[in-house]
Amino acid sequence: MSLTINALTRNDQGKGASRRLRRNHKAPAIVYGAGKAPSNITLDVFEITHLLENEESYTSVLDLVVDKKKEAVIIKDLQRHPAKNIVTHVDFLRINLKQAIVTSIPLHFNGEEDNEAMRLGAILNQFVTSVGVSCLPTDLPHAIDVDISNLAMGEHISLTGLNMPKGVVITALTHGDIEARDQSVVAVQEPRKMAKIEEEASPVVAEGADDENTENNDTDKDKSVS
């Protein structure tokens with residue numbers, strides 16, 4: 001399925017110009033790469049928001065149409081308003097369909113409801129939620145499926161245990177010693193062991209600090225809303 005996003009060339013730059021765009025339901029963006037000069041462009045906020053409702057848009061080759069000229073791109077970076085969740089800026093990377101690209105792909109963990117150990121109370125610990133991969137744009141997967149249905153208590157899946165699509169390689173395993181760079185992706189652990197790990201990882205908070213921080217946070221939120 002081809003995903004298309006329309007844009008216009010943007011001549012005005014700076015914070016003032018960006019604010020004017022956002023007041024008119026537009027979002028500033030930039031497209032760069034493929035040996036060409038960067039271009040400042042303008043997106044329609046409603047169109048880019050609708051596009052991003054499809055999870056696959058983050059890991060798809062998009063057809064970016066700028067002033068009726070089409071380029072193949074991927075989303076390289078995305079910024080949103082911290083409170084309103086509105087897209088405020090997008091970085092697009094031009095790509096060559098015949099050259100490999102490096103990007104991050106999410107992991108989808110499947111089979112939790114069929115895992116016997118977890119039905120008996122075991123805890124699933126996800127150490128990694130996405131992996132950096134290298135592949136041709138036409139081989140780019142939308143996600144990497146990780147089957148955890150048969151993981152027994154104490155077992156784990158590492159990077160080398162992931163079932164990667166043909167033509168897609170994990171970049172972390174292409175440099176130097178593979179064993180040294182391999183790491184656990186997900187594990188099934190006993191609840192007590194998991195609780196101990198979380199306790200050791202959590203910071204020590206002085207008595208009464210939580211209430212004070214909560215009160216301060218609520219005050220800050222009230223100030224930001226007003």
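Every heavy atom of this structure was used, including side-chain atoms; hydrogens, water molecules and symmetry mates were not.
The number of heavy-atom neighbours closer than 6.0 Å to CG of Asp67, taken from other residues, nucleotides and ligands shown, is above 12. The environment of CD in Glu155 is crowded: more than 12 heavy-atom neighbours from other residues, nucleotides or ligands sit within 6.0 Å. Within a 6.0 Å radius of NE2 in His50, no more than 12 heavy atoms belonging to other residues, nucleotides or ligands are found. Atom CD of Glu112 is surrounded by 12 or fewer heavy atoms from other residues, nucleotides or ligands within 6.0 Å.
Under the 4.5 Å side-chain heavy-atom criterion for ILVMFWY residues, a single connected hydrophobic cluster contains both Ile157 and Met118. Note on Ile170: it clusters hydrophobically with Ile178, by side-chain heavy-atom contacts below 4.5 Å among ILVMFWY residues. Linking Ile, Leu, Val, Met, Phe, Trp and Tyr residues whenever their side-chain heavy atoms come within less than 4.5 Å places Val186 and Val128 in a single cluster. Both Phe109 and Phe127 belong to a single network of hydrophobic side chains, linked directly or stepwise wherever heavy atoms of I, L, V, M, F, W or Y lie under 4.5 Å apart. Cluster membership check: Val133 shares its hydrophobic cluster with Ile101, using side-chain heavy-atom separations under 4.5 Å among Ile, Leu, Val, Met, Phe, Trp and Tyr.
Put simply, the side chain of Leu64 reaches to within 4.5 Å of the side chain of Val31, judged on heavy atoms. Ser158 places none of its side-chain heavy atoms less than 4.5 Å from the side chain of Gln183. Looking at Leu43 and Val45, their side chains never come closer than 4.5 Å, going by heavy atoms from C-beta outward. Here the side chains of Lys76 and Tyr32 are in contact, with some heavy-atom distance below 4.5 Å. Between Thr171 and Val102, some side-chain heavy-atom pair lies under the 4.5 Å cut-off. With a 4.5 Å cut-off on side-chain heavy atoms, Glu47 and Asn6 count as touching. The side-chain heavy atoms of Ile144 and Pro165, taken from C-beta on, include a pair separated by under 4.5 Å. Residues Asp77 and Val90 are not in side-chain contact: their nearest non-hydrogen atoms beyond the backbone lie 4.5 Å or more apart.
Judged by distance alone, the side chain of Thr42 and the main-chain N or O of Pro28 form no donor-acceptor pair under 3.5 Å. The backbone N or O of Pro106 sits nowhere less than 3.5 Å from a side-chain atom of Ser130 that would complete a donor-acceptor pair. Listed for the Asn40 side chain is no donor-acceptor partner under 3.5 Å among the backbone atoms of Arg10. A donor-acceptor pair is defined here as one N or O able to donate and one able to accept, closer than 3.5 Å; no such pair exists between the side chain of Thr59 and the backbone of Ile105. Looking only at distances, a side-chain donor or acceptor of Asn115 sits under 3.5 Å from a matching main-chain atom of Ile148. Put simply, the side chain of Arg80 never gets that close to the backbone of Thr88: no donor and acceptor are under 3.5 Å apart.
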Start with the C-alpha distance between Asn110 and Val146, add both sets of side-chain angles, then the distance that settles side chain to side chain contact (heavy atoms under 4.5 Å, CB included), and finish with yes or no. CA-CA 6 Å; Asn110 305 316; Val146 185; over 6 Å; no

Set out, in order, the CA-CA distance, both residues' side-chain angles and the distance that settles side chain to side chain contact (heavy atoms under 4.5 Å, CB included) for Ile5 and Ile48, then state yes or no. CA-CA 7 Å; Ile5 183 70; Ile48 186 64; 4.1 Å; yes

Given side chain to side chain contact (heavy atoms under 4.5 Å, CB included), test Ile30 with Ile41 step by step and report yes or no. CA-CA 6 Å; Ile30 188 171; Ile41 58 177; 5.9 Å; no

Determine whether Phe92 and Leu62 satisfy the following criterion, side chain to side chain contact (heavy atoms under 4.5 Å, CB included), listing intermediate values before the conclusion. CA-CA 9 Å; Phe92 293 104; Leu62 308 175; 4.1 Å; yes

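Atoms CG and NZ, on Leu8 and Lys68 in that order, are 10.5 Å from each other to the nearest 0.5 Å. Atom OG of Ser57 sits about 6.5 Å away from atom CG of Leu3, to the nearest 0.5 Å. Here Leu124 contributes atom CG and Leu151 contributes atom CG; the two are 8.0 Å apart, rounded to the nearest 0.5 Å. Taken from CD in Gln79 to CD1 in Ile86, the straight-line distance is 14.0 Å, to the nearest 0.5 Å. How far CG of Leu107 is from CD of Gln126: 8.5 Å, rounded to the nearest 0.5 Å.
Gln99 and Pro137 make their closest contact through O-CD, 3.1 Å (heavy atoms, listed as atom of the first residue, atom of the second, distance). Here the closest heavy-atom approach between residue Ser60 and residue Ile74 is recorded as O-CG2, 3.6 Å. Nearest heavy-atom pair across Asn125 and Gln189 is ND2-OE1, 3.5 Å. The shortest heavy-atom contact between Val188 and Ala117 is CG1-CB, 3.9 Å.
Salt-bridge formation is detected for the pair Glu71/Lys36: a Lys NZ or Arg NE/NH1/NH2 atom is positioned less than 4.0 Å from an Asp or Glu carboxylate oxygen. Ion pairing between Asp44 and Lys26 holds under the 4.0 Å rule for side-chain N and carboxylate O.
A side-chain N or O of Asp91 and one of His89 form a donor-acceptor pair less than 3.5 Å apart.
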